[in-house]
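Report on the structure given below.
Since the structure is predicted, the reported quantities are computational estimates derived from the model, not experimental observations. Residue numbers start from 1 in every chain, and the chains themselves are labelled A, B, ... in the order their sequence lines are given, proteins ahead of strands.
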Amino acid sequence: DAGITQSPRHKVTETGTPVTLRCHQTENHRYMYWYRQDPGHGLRLIHYSYGVKDTDKGEVSDGYSVSRSKTEDFLLTLESATSSQTSVYFCACRGDRGAGELFFGEGSRLTVL
Amino acid sequence: AQKVTQAQTEISVVEKEDVTLDCVYETRDTTYYLFWYKQPPSGELVFLIRRNSFDEQNEISGRYSWNFQKSTSSFNFTITASQVVDSAVYFCALTLGDAGNMLTFGGGTRLMVKP
């Protein structure tokens, strides 16, 4: 158990509204990631962080921003949600040891109407 | 850029059959790591195995086995004597041997094991 919790787990919102998803981890992992999962696309990386205040873009970062002010928290923000951002969002963490596996949170299902 | 392809989007088998899930990857790096994850109907992602590019030994873990072949850029996963509990979506993933270790995932294969 990597001690990763995501909130909220489910959210329905309307187009144009801001949305923030939170990822909280208790294992002091250095690396944290946000992925989205869509049918046929597997999981695609949105943004990742390699330390407090150190973040970078993934392959599908448009329309998303992130922040990491503390080691344990990694926030994903949709400034103005669109229907194309309806998806399941997964947070993941990785420790510093080599190319260790990612540990995933339980996912957050977001529906944008 | 790296790429992972899982050509089988959906496979259906009857319990006790053997089934192989295919994974083909692309990368120009010589140091990389391959992974398999399982996503059961409950939705969480469960790590199954990690293999580095310098270790081509096949691995067996109970009913699960993995065949890594660099010559064909493949990392296939076989379930022997499948069970209903094996029903899930299986993802193959690749990461390079550098800092950050962002995983690139294949599109996933949905395995349905019928009783």
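Atom CG of A/Leu113 has more than 12 heavy atoms from other residues, nucleotides or ligands within 6.0 Å. Residue-environment remark: CD (A/Glu72) exceeds the threshold of 12 foreign heavy atoms within 6.0 Å. Dense packing is recorded around CZ of A/Arg44, with more than 12 heavy atoms of other residues, nucleotides or ligands lying under 6.0 Å away.
Taken from CZ in A/Arg94 to OG1 in B/Thr95, the straight-line distance is 7.5 Å, to the nearest 0.5 Å. Rounding to the nearest 0.5 angstrom, the gap separating the OG1 atom in B/Thr104 from the CD atom in A/Glu59 is 6.5 Å.
Using a 4.5 Å cut-off between heavy atoms, A/Leu45 contacts chain B through its side chain alone, with no backbone atom that close.
Two residues are said to be in side-chain contact when any heavy atoms from C-beta on lie closer than 4.5 Å; A/Phe104 and B/Gln39 fail this criterion.
Following chains of ILVMFWY side-chain contacts shorter than 4.5 Å, one can reach B/Leu45 starting from B/Phe47, so the two form part of one hydrophobic cluster.
The side-chain contact (heavy atoms from CB on, under 4.5 Å) check on B/Thr80 picks up B/Asp18, B/Thr78, with sequence neighbours excluded. With sequence neighbours left out, the salt bridge (Lys or Arg N to Asp or Glu O under 4.0 Å) criterion links B/Arg110 to no other residue.
B/Phe105 has its ring centre less than 6.0 Å from the ring centre of A/Tyr35.
Across B/Gly106, B/Gly43, B/Ser42, the residue that shares the most heavy-atom pairs under 4.5 angstrom with chain A is B/Gly106.
Panel note: side chain B/Tyr37, backbone A/Leu102; a donor-acceptor pair is recorded below 3.5 Å.
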